[in-house]
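Everything below concerns the one structure shown next.
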Protein chains: 2
Amino acid sequence: MSTAVPAKHSDAASLVSNTIGEITRHIRAHELGPGDRLPSEAALSRQLSVSRTVVREAFSSLAAMRLIDLRVGRRATVAELDYGAMSLVIEHGVHTEQITVQQIYDVRRTIETRTAMLAALRRTADEVERIRTHALAMRENFQRPEQVMEHDLAFHLEIAKAAKNPVFSLIVGAFERVSRQTWPIGWRSRPSDAKQLEMIQIHIDLAEAIETGDPQSARDLMARHFDESVKALLAAGIA
Amino acid sequence: MSTAVPAKHSDAASLVSNTIGEITRHIRAHELGPGDRLPSEAALSRQLSVSRTVVREAFSSLAAMRLIDLRVGRRATVAELDYGAMSLVIEHGVHTEQITVQQIYDVRRTIETRTAMLAALRRTADEVERIRTHALAMRENFQRPEQVMEHDLAFHLEIAKAAKNPVFSLIVGAFERVSRQTWPIGWRSRPSDAKQLEMIQIHIDLAEAIETGDPQSARDLMARHFDESVKALLAAGIA
DNA sequence: TCTAGAAAACCTGCCATACAGGTTTGCCCT
DNA sequence: AGGGCAAACCTGTATGGCAGGTTTTCTAGA
């Protein structure tokens, strides 16, 4: 490489994006799965005739999308599915005013009425337990909004997981960062303790419907939950 | 910076991820929108007391997620919403066998029955025109699968756009890379010209339902389309 | 012969510097 | 006032270097 000619070869795009392509191709070609190790930066640098700088930026980009994991001293490894990147994309869309909160609620309603239904059909005993625990913890801690929010988020994520389709988990997770920022608004927009407890009660009922294995009821409760939430948000002026 | 002490300050995480946070914070704080320019690498480097290398890797990561656009000589700019990163995440999930094609079809069915419905309610004349054009082009070129596929993908994306919710577009787009790779399988699994034309006919009918403004019918046609597609895939052994 | 521990080899995170092109800015001349 | 050109600025890529982590290998002792 030090001796290599200026190269000129290959596709137009930048060296970094080519390198990203090469790395993903490597993963595919060798059928690597989560946890499997990739070549070292130096090795790739030699192999692809680019500087380590370029390889590093490629790795860095892949890590940003959570396709690989990087840790100092260790080789890069293939990552498990992770919604971190998607969550950042959605957050960015909201902050740059390309997406409204209401639009997110519409999508969530569409997705989560389905996950609620599927969860009622496919849940395991463990999952039911976790789902119910989160719902009850919401009521328990209802004086501490922060706690309620965490359990609320975990509740929805757990239902998605119980639906046994990782793509649903990915999407529900994608809204996490934004939800964390808009949740307090919705909470404050419920004018009384009674209204807040009412909202929490829907979660508890939903957990029960999933436990019972009643998909229709689970579906309806989830739909009602979102309808109520949107109403609350609109009342708070987040149109 | 050359004179700066080893720093030790700040959060645990890596310098790069801190820098990513700083940049997104900058975007938010200054309420930057698509097209607005960010500080130069050198400026950020000074401002945050890290080397240009770190800033570059941060920029590179943000560009990988398509939150910003990079072009040589120019300053980085805030990017428009783009499903490229999400599409890579999904593709990665499929290649590493963490997601199955059938699971994707289930999600698409959930999402796209909704977009079809909304499109029928909210479409503009222009959108109807584009949607119909793609459907008809599928029939026109049905001897050239490559062409059919392109119009098929564009058809679904255009419907999502007509639903007037960018999050739906994002999600439908997220499946594009994977679809491009699995589409031929579905196509070949239809055993005859007649079967293939039948599939295309659903698209044409769907375009019509959207034009007419019949949400229920649009919904049902989209549902049927996915049911048929899954059937075809299963027949081809992609269980 | 087997094992535990230490040394060597390897690897990533970060930095400084350098230079080849693109792009912007601003000034000067008309 | 307007147009064109040079200077200033900016990004893409490369090289070399060093501070820690991590893995592998070798050796000495049981």
Side-chain angles (χ1 to χ4, degrees), chain A residues 1-23 26 32 35-79, chain B residues 1-23 26 32 35-79:
Chain A
M1 356 144 10
S2 31
T3 72
V5 293
K8 191 79 345 135
H9 58 67
S10 78
D11 332 47
S14 77
L15 290 189
V16 172
S17 48
N18 284 345
T19 303
I20 290 176
E22 290 297 331
I23 296 168
H26 176 96
L32 300 185
D36 291 344
R37 299 197 310 175
L38 274 67
S40 73
E41 296 178 354
L44 278 170
S45 165
R46 277 192 304 276
Q47 199 175 312
L48 306 177
S49 303
V50 294
S51 71
R52 185 158 84 96
T53 309
V54 169
V55 175
R56 276 192 63 72
E57 281 188 19
F59 269 4
S60 194
S61 295
L62 289 168
M65 291 187 287
R66 314 290 177 93
L67 304 193
I68 65 175
D69 287 323
L70 298 179
R71 277 159 68 188
V72 0
R74 300 187 172 179
R75 303 261 280 273
T77 57
V78 176
Chain B
M1 342 138 9
S2 31
T3 72
V5 294
K8 192 77 347 133
H9 59 66
S10 76
D11 331 49
S14 76
L15 290 190
V16 173
S17 46
N18 283 347
T19 303
I20 290 177
E22 289 298 331
I23 296 168
H26 177 97
L32 301 185
D36 291 346
R37 299 197 313 175
L38 274 66
S40 73
E41 296 178 353
L44 278 169
S45 165
R46 275 192 305 275
Q47 198 175 315
L48 306 176
S49 303
V50 295
S51 71
R52 186 158 82 96
T53 307
V54 169
V55 175
R56 277 193 62 72
E57 282 186 19
F59 269 3
S60 194
S61 295
L62 289 168
M65 291 186 286
R66 315 289 177 95
L67 303 193
I68 64 175
D69 287 323
L70 298 179
R71 277 157 68 188
V72 357
R74 299 186 173 179
R75 302 261 281 273
T77 57
V78 175

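A note on names: the letters A, B, ... follow the listed sequences, proteins ahead of strands, and every chain is numbered from 1.
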Worksheet entry | Whole-Å distance separating the CG atom of B/Leu48 from the C1' atom of C/dC14 | 15 Å
Worksheet item: Please give, in whole Å, the distance from C/dC10 C1' to A/Arg46 CZ?
Response: 11 Å
Item to complete: Would you kindly give the CZ-to-P distance between A/Arg56 and C/dC15, to the nearest whole Å?
Response: 11 Å
Worksheet, complete the sentence: B/Arg74 atom CZ is separated from C/dG22 atom P, nearest whole Å, by 13 Å
Discussion item. On a heavy-atom basis, which atom in B/His26 and which in B/Leu32 lie closest, and how many Å separate them?
Written reply: CD2-CD1, 3.9 Å
Worksheet item: Has A/Arg71 got a side-chain N or O lying under 4.0 Å from the OP1 or OP2 atom of C/dT12?
Response: no
Worksheet item: If you find the nucleotide of DNA chain C closest to A/Thr53 and the one closest to B/Gly73, which residue's nucleotide is nearer the 5' end?
Response: A/Thr53
Practice prompt. Could you state the atom-to-atom distance from CG of A/Leu44 to P of C/dC11 in whole Å?
Written response: 11 Å
Discussion item. So, applying side-chain contact (heavy atoms from CB on, under 4.5 Å) with A/Ile20, which one of A/Ser60, A/Ser61, A/Ser14 is it?
Written reply: A/Ser61
Worksheet item: Between B/Ala76 and B/Phe59, what is the shortest heavy-atom contact and its length?
Response: CB-CE2, 4.0 Å
Response to the item:
Rounded to whole Å, CD of B/Glu57 lies from P of D/dT13 at a distance of 13 Å
Discussion item. Is there, by distance only and without an angle test, a donor paired with an acceptor across the side chain of A/Arg52 and the base of D/dG16 below 3.5 Å?
Written reply: no
Worksheet item: Nearest-Å distance, CG (B/Leu15) to C1' (D/dC18)?
Response: 15 Å
Worksheet, complete the sentence: Per side-chain contact (heavy atoms from CB on, under 4.5 Å), B/Val54 is matched among B/Thr19, B/Leu48, B/Leu44 by B/Thr19
Worksheet item: To the nearest 0.5 Å, how far apart are CZ in B/Arg74 and OG in B/Ser40?
Response: 16.0 Å
Worksheet, complete the sentence: Of C/dT12, D/dT15, C/dA16, the nucleotide closest to the side chain of B/Ser51 is C/dA16
Item to complete: Would you mind telling me which of C/dT12, D/dG12, D/dT23 lies closest to the side-chain atoms of A/Arg37?
Response: D/dT23
Worksheet entry | B/Val50 side chain, from C-beta outward: closest of C/dC14, D/dT13, C/dC15 | C/dC15
Discussion item. Expressed as a whole number of angstroms, how long is the span from A/Phe59:CZ to D/dT13:P?
Written reply: 17 Å
Worksheet item: Given C/dT12, is OP1 or OP2 found less than 4.0 Å from the side-chain N or O atoms of A/Arg75?
Response: no
